[in-house]
Each structure stands twice: as structure tokens, then as C-alpha cells.
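Inspection log for the structure reproduced underneath, given as C-alpha cells.
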Amino acid sequence: LKTPADMRMGPDGNLYIADNGNKRVVVVTTEGELVKVIGLNEKGKSMLKSAEGVYVDDALNVYVADENGRMVYVFSPEGEIIREYGKPTHQLFGDKSAYKPSKIVLDKRGNLYIASNGNTNGIVQISPVGEGEFLGYYGANNSNVSFLTLIKNALFKNNSLIMGDIVPVSVTNLCIDEKGMVYTVTETGDMTSLRRLNVAGKNTMTPDYITMGNSAVAVNSSGSVFTATKSGYITEYTSEGAMLFSFGAFDAGDQRIGMFKSVTGMVVDDSYKVSIR
């Protein structure tokens, strides 16, 4: 692997790893044995420009968020491209809005939820119907007005001078549970750091403990929620947001077991076995 960026567990029990540096998806067993590689042509060259995010549906089709290629590709279990989702052309999406897919999940109806790097309007929601109908933005983060911004508001009459201070941050990572609830994390240290969104995009969970710089999130069938930070700490919450415990630590280069340097993806099975990339 080379700078892996995301990871999902498929219905077949295998791990699907977005091997971003090699522009491919690697499928391995939970013991690490290679099963297959997705995203390469017959000559062994990548069909992708990047592989930032990955998702696997019930039919074992593989969805890849290609941020550099500004595209979401759907591969068959055999590795053939069967569909592409480019930048929505709907006027409500916005001509100047960024479409750089970084992470992706699907609900039971096949609707796509795409985290677009740099797009502060929210998660891009696309229907699989037709050419990929843009359903709208979903679950946007709120703008955070700091005390310093309030002071600036009092000093300056032209609020456009400080608009850069109150732009909401874009979603860093996301996952979806069996009930269709979407969980998002952002690299902030406030109440938007971990959210559980209903079908209307409203947050239904307020954790009682906030970790800084969340970079990954996972949930098991029991509703337990796990978040990871880029500093190497893993935190488990109940379905109501109560923090149970935290473990791990930052690896400064010693490569010690149980310490992490930069977590970008995480999955957890029903036996609470956590796999981290």
C-alpha cells in the first residue's frame, strides 16, 4: 500500500482499502491476504487519478471517490467500470461549487452521499436514477462564530471583510448505519466534530465529549460509534453520544503496536474488532 486513504468492510467480510498512492482499491481478508485489486486495466495501469474514498454495496459493486479526477466511479465485482458520476449540472449545485469527491456512502435506495473536499454547502446527495440526479445538499455544518469574529463585527461595518472567518468547514469523513443514519466527522474541536444525521439532514446526537481533529468514523450494528483523530486516538461512544473510553496514542516514528500516526479510515465489526488505516 501507498498512502491508503479510506477503508470499508464489504458484505463478503473482506476489507476494501482505497490505496490512494497507487490509484487503486485493494481487497484483502481480515487476516491481510490479498483477494483482488480494483481499478486497473488489462495492462495493469490505473484507470483512476486518485482513490480517496471507497464504498461497497450489497451486490459487491465498488464505488470509488476520485478526487483528482473529479469523478465517482462504480466498478463491478470483476473490476469493470459500470457507471460514472461527474459534477452535477443542476443549477442548484452551483457552477463555482467544488466537486472533488473524497468520501462516499450509499443508503438502501442507492442514493449517494458524497463528501466533496472544499465544498462548504454540505454533503452532495445524488440519486442513481438516470444520469445521476442531484437531490441537493445534505447535512451542512454550521458556521462557527468565534469571540474574535464578534469583536471584528463590532469594529467593522463592512461584514464582507470577515466572511472568511465564518465559512462552515466541509465534512472530513462519513459512514452510514443499517438504519440509514449518516454519521459525519470534521477536523474541528466543537459540536460539529461528530454528528448523526437523519433523513432531513438534522443532527440527532450531541456527544458529551469532543475530540479534536476527527478524521474517521465507524458504527457497528449495535449502534456503538467510533471516531479516530489524526493524532492517533480512538474514541468509542454509545448510540446516545456518551463517551465510553478512548485508546491509542500518536506514533512519533517508533512504530509501536497500538499507536497511530495518521488515521484516515476505520471499520468495526460486530465483535468490536477495529481495523484502522
Side-chain angles (χ1 to χ4, degrees), residues 3-9 18 52-53 102-105 113 115-118 120 122-123 138-148 165-177 181-198 201-270 272-277:
T3 60
D6 198 17
M7 178 170 55
R8 305 288 179 185
M9 180 171 287
E52 285 285 347
S102 58
K103 308 297 176 186
I104 180 173
V105 297
Y113 298 82
S116 178
N117 190 18
T120 61
I123 299 168
Y138 172 86
N141 285 321
N142 295 324
S143 299
N144 297 314
V145 181
S146 66
F147 180 70
L148 180 59
D165 292 342
I166 59 176
V167 173
V169 296
S170 54
V171 170
T172 302
N173 212 328
L174 71 169
C175 71
I176 190 168
D177 66 14
M181 304 285 275
V182 177
Y183 298 72
T184 69
V185 290
T186 58
E187 293 184 12
T188 61
D190 54 28
M191 301 309 293
T192 66
S193 184
L194 169 62
R195 299 182 301 159
R196 179 178 59 207
L197 306 175
N198 60 18
K202 302 296 183 181
N203 184 25
T204 63
M205 184 177 70
T206 302
D208 60 7
Y209 176 80
I210 302 298
T211 54
M212 298 290 290
N214 283 326
S215 57
V217 59
V219 59
N220 64 7
S221 60
S222 300
S224 296
V225 183
F226 294 78
T227 63
T229 68
K230 281 195 171 181
S231 58
Y233 288 92
I234 314 299
T235 304
E236 181 183 357
Y237 300 87
T238 68
S239 59
E240 300 303 321
M243 196 271 279
L244 295 177
F245 58 86
S246 183
F247 63 93
F250 179 71
D251 185 354
D254 298 331
Q255 297 185 347
R256 296 176 60 182
I257 295 176
M259 301 175 66
F260 315 103
K261 190 170 185 179
S262 181
V263 179
T264 59
M266 175 175 59
V267 296
V268 56
D269 61 21
D270 290 337
Y272 288 82
K273 182 184 293 183
V274 180
S275 300
I276 297 169
R277 281 289 176 265

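Nothing fancy with the numbering, it's 1 onward along the sequence.
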### Message
Nearest 0.5 angstrom please: F247 CZ to F226 CZ, how far?
### Response
6.5 Å
### Query
Between OG of S170 and CD1 of I123, what distance do you get to the nearest 0.5 Å?
10.5 Å
#### Entry: Heavy-atom pair of closest approach, residues E52 and K103
O-NZ, 2.8 Å
### Message
I'd like to know if the side chain of N173 and the backbone of T264 have a donor-acceptor N/O pair within less than 3.5 Å.
### Response
yes
### Query
Distance-only, no hydrogens or angles: does the T229 side chain make a donor-acceptor pair with backbone N or O of N214 under 3.5 Å?
no
#### Entry: Working for side-chain contact (heavy atoms from CB on, under 4.5 Å), residues V217 and T184
CA-CA 7 Å; V217 59; T184 69; over 6 Å; no
### Query
With distance as the sole test, does R196 use its side chain to make a donor-acceptor pair with the main-chain N or O of T204 at under 3.5 Å?
yes
### Task
With sequence neighbours excluded, tell me which residues meet side-chain hydrogen bond (donor to acceptor under 3.5 Å, both in side chains) with T3.
none
### M181 vs N198 side-chain heavy atoms within contact, under 4.5 Å
yes
### Query
What closest approach, in Å, do R256 and D251 show between heavy atoms, and which atom pair accounts for it?
N-OD2, 3.7 Å
### Query
Does M243 offer a backbone N or O that forms a donor-acceptor pair with the side chain of D208 under 3.5 Å?
yes
### Message
Using 0.5 Å steps for rounding, measure from the CE atom of M9 to the CE atom of M266.
### Response
12.5 Å
### Message
Testing the basics here: between V185 and L194, what is the closest heavy-atom pair and its distance to 0.1 Å?
### Response
CG1-CD1, 4.0 Å
### With sequence neighbours excluded, residues passing side-chain hydrogen bond (donor to acceptor under 3.5 Å, both in side chains) with T227
none
### Query
Is it true that a side-chain atom of S215 and a backbone atom of V263 form a donor plus acceptor pair closer than 3.5 Å?
yes
### Task
Please report the shortest heavy-atom distance between L174 and A115, naming the atom on each side.
CD2-CB, 3.9 Å
### Message
Walk me through whether F250 and M259 qualify under side-chain contact (heavy atoms from CB on, under 4.5 Å).
### Response
CA-CA 6 Å; F250 179 71; M259 301 175 66; 5.8 Å; no
### Task
In sequence, state the C-alpha distance, the side-chain angles, and the governing distance for N141 and R195, and then conclude on side-chain contact (heavy atoms from CB on, under 4.5 Å).
CA-CA 9 Å; N141 285 321; R195 299 182 301 159; 3.0 Å; yes
### Query
Any idea which heavy atoms bring S102 and N117 closest together, and the distance?
OG-N, 4.0 Å
### Minimum heavy-atom distance between P207 and Y237, given as atom pair plus value
CB-CE2, 3.7 Å
### Query
Side chain of S239, backbone of S222: donor and acceptor closer than 3.5 Å?
no
### Message
Tell me whether the count of non-hydrogen atoms from other residues, nucleotides or ligands lying under 6.0 Å of OH in Y209 goes above 12.
### Response
no
### Query
Can you list the steps and then say if Y233 with T211 is a side-chain contact (heavy atoms from CB on, under 4.5 Å)?
CA-CA 9 Å; Y233 288 92; T211 54; over 6 Å; no
